[in-house]
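The shown structure was predicted, so the numbers you read here are calculated from the model rather than taken from an experiment.
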Amino acid sequence: MIHCIRMAMIAMLALAPVLSAQAQSATPWPAKAIRMIIPVPPGGTSDILARMLGQKLTETWGQQIVVESRPGANGNIGVELLVRSPPDGYTLCLMDVGNLSISPAMYTRLPFDILRDLTPVTMVSYSTHLVTVHPSVPVKNVGEVIALAKKNPGKLNFPTALGSAAHLAGLLLQQRTGAQWVYVPTKGGQSSILTVATGEGDLLFMGMLQTLPHVKAGRLKPIAVSGDRRDPSLPNVATVAETPGLDGFFTGSWQGILGPAKLPVEITNKMAGEVRRILALPDVLEKLSTQGTLPRPQTPQEMGKWLAAEKDRWARVVKDSGFKIE
């Protein structure tokens with residue numbers, strides 16, 4: 001009898017990991033707090049959106065969304081942390097995925113592959129780049145900025161996180177016009193804005209969500225938006241594309257959610273569906289519209305195709321510029 005009991009106990013111990021795994025997989029997700037990595041300093045567009053979505057997700061699921069800032073290397077440090085996380089849905093990342101699509105071409109050594117090592121979950125929003133200058137810069141539009149930069153090569157400075165979507169927008173504008181300015185490295189969007197707002201910088205490309213409050217306060221002077229149409233929040237500010245010779249110019253800040261590779265389809269789809277629902281709520285729509293940001297939810301498949309296409313697009317711009325980050 002004792003032998004039989006001992007054998008039964010051994011069998012139960014052997015089955016314990018299997019039973020535990022089965023029980024865990026049967027537990028509806030999310031069953032605990034979700035860590036949302038923001039791979040840029042606090043206060044930027046990604047941080048603002050993560051906290052807004054986090055509050056709504058917590059209300060729905062009863063699980064806290066812990067927003068964790070992990071800045072560095074234009075977001076690559078935070079993304080590497082995501083890549084190394086288990087694909088269980090409890091570590092996700094919200095970031096400017098435009099930056100992410102640029103990194104493979106900009107960095108000579110990147111510790112991950114954006115198409116292999118990440119799971120696209122959903123796009124969240126698009127915010128046109130608002131092109132601004134310090135109020136002391138004597139220009140009213142992009143044409144005048146270009147003329148000033150050509151007349152005084154290297155005099156204007158352009159604060160930006162190197163390798164970011166804003167940096168590439170500046171490079172693209174240079175390639176299209178032959179204008180010259182000096183890039184001043186910053187730690188992120190908020191740092192770039194403050195550099196220009198305090199008069200230490202001249203020219204700025206940055207997402208509308210971050211920049212508009214400084215425009216309204218008179219700290220920055222708007223000269224253009226870089227979307228495909230004028231923004232309702234600044235109807236008198238022309239698009240960059242309205243400048244002669246710059247037709248088709250289109251850049252901006254695309255915010256999206258990603259998970260590590262092999263994130264289960266059911267978790268991916270559940271998060272994407274809930275974000276889509278939240279972005280359609282009247283109070284969320286009103287908040288985003290007043291801040292110059294448009295909801296742009298996508299299926300995981302659509303987001304994956306977008307990332308691949310943007311990776312190819314910016315690879316050409318980076319190659320032509322010759323700019324690299326070691």
Side-chain angles (χ1 to χ4, degrees), residues 36 38 40-60 65 67 69 94-99 122-135 140-142 164-166 169 188-198 203-242 249-257 272-298:
M36 186 71 75
I38 308 302
V40 292
T45 301
S46 299
D47 185 64
I48 294 169
L49 289 172
R51 295 182 189 282
M52 182 195 71
L53 288 175
Q55 180 181 349
K56 295 291 186 180
L57 290 168
T58 298
E59 291 171 2
T60 300
I65 309 300
V67 178
S69 179
L94 193 155
M95 70 175 297
D96 187 330
V97 288
N99 288 5
T122 184
M123 200 74 80
V124 174
S125 68
Y126 165 73
S127 175
T128 180
H129 280 146
L130 181 54
V131 188
T132 61
V133 294
H134 185 264
K140 297 177 182 178
N141 53 54
V142 169
S164 66
Q190 196 67 11
S191 175
S192 301
I193 289 172
L194 291 176
T195 301
V196 177
T198 57
L203 176 63
L204 180 73
F205 272 73
M206 193 57 58
M208 181 80 77
L209 184 61
Q210 275 182 277
T211 316
L212 193 57
H214 297 273
V215 168
K216 290 180 177 180
R219 291 186 289 267
L220 295 172
K221 179 168 63 175
I223 59 171
V225 293
S226 66
D228 57 357
R229 66 197 70 179
R230 294 194 181 194
D231 194 278
S233 57
L234 293 170
N236 296 323
V237 177
T239 66
V240 176
E242 290 179 60
F249 191 99
F250 176 73
T251 65
S253 174
W254 297 85
Q255 303 292 325
I257 297 175
E274 187 59 24
V275 169
R276 181 182 293 273
R277 184 192 70 81
I278 290 171
L279 291 175
L281 294 174
D283 61 321
V284 173
L285 285 171
E286 181 180 3
K287 185 173 183 179
L288 293 179
S289 65
T290 57
Q291 295 175 325
T293 301
L294 301 172
R296 291 287 178 90
Q298 290 181 344

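- Residue Thr290 holds its OG1 atom at 10.5 Å from CG of Leu285, rounded to the nearest 0.5 Å.
- Taking every heavy atom of both residues into account, Leu130 and Leu234 meet most closely at CD1-CD1, 3.7 Å.
- The line from CD1 of Ile257 to OG1 of Thr122 is 6.5 Å long, rounded to the nearest 0.5 Å.
- Here Asp283 does not pair with Lys287 in a salt bridge; the nearest charged N to carboxylate O distance is not below 4.0 Å.
- Of all the heavy atoms in Gly252 and Ala165, the pair that sits closest is O-CB, 4.1 Å.
- In this structure, Thr132 and Pro222 approach most closely via the heavy-atom pair CG2-CA, 3.9 Å.
- One finds the OG1 atom of Thr45 at 10.0 Å from the CG atom of Leu94 (value rounded to the nearest 0.5 Å).
- Residues Ile278 and Glu274 meet the side-chain proximity criterion, which asks for heavy atoms closer than 4.5 Å.
- Between Pro297 and Pro295, the shortest heavy-atom contact is CD-C, 3.5 Å.
- The minimum heavy-atom distance between Val196 and Val133, with the atom names listed, is CG1-C, 3.9 Å.
- Rounding to the nearest 0.5 Å gives a distance of 6.5 Å between CG of Leu288 and CG of Leu49.
- Other residues, nucleotides and ligands place no more than 12 heavy atoms under 6.0 Å from the CD atom of Glu286.
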Mind running side-chain contact (heavy atoms from CB on, under 4.5 Å) on Thr60 and Arg277 for me, showing each step along the way?
CA-CA 11 Å; Thr60 300; Arg277 184 192 70 81; 3.0 Å; yes
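- Contact record, Ser46 with Met95: OG-CA, 3.4 Å, taken as the closest heavy-atom pair.
- Within the model, atoms CE of Met206 and CG of Leu220 stand 10.0 Å from one another, a figure rounded to the nearest 0.5 Å.
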I'd like to know whether Asp228 forms a side-chain contact (heavy atoms from CB on, under 4.5 Å) with Thr239, so could you lay out the CA-CA distance, the side-chain angles of the two residues, the decisive distance to 0.1 Å, and finally the verdict.
CA-CA 7 Å; Asp228 57 357; Thr239 66; over 6 Å; no
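- Residues Gln255 and Ser125 have side chains that never bring a donor and an acceptor to within less than 3.5 angstrom of each other.
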Step by step, work out the side-chain contact (heavy atoms from CB on, under 4.5 Å) result for Asp231 and Val237.
CA-CA 8 Å; Asp231 194 278; Val237 177; over 6 Å; no
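- Under the 3.5 Å distance criterion, the side-chain polar atoms of Ser69 are matched with a main-chain donor or acceptor of Val40.
- Atom CD of residue Gln55 and atom CD1 of residue Ile65 lie 11.5 Å apart, to the nearest 0.5 angstrom.
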Verify side-chain contact (heavy atoms from CB on, under 4.5 Å) between Ser253 and Leu209, making sure each step is shown before the conclusion.
CA-CA 9 Å; Ser253 174; Leu209 184 61; over 6 Å; no
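- A side-chain donor-acceptor contact under 3.5 Å links Thr198 to the backbone of Thr195.
- Using bins of under 30°, 30° to 60° and over 60° for the plane-to-plane angle, the ring pair Phe205/His129 lands in the perpendicular bin.
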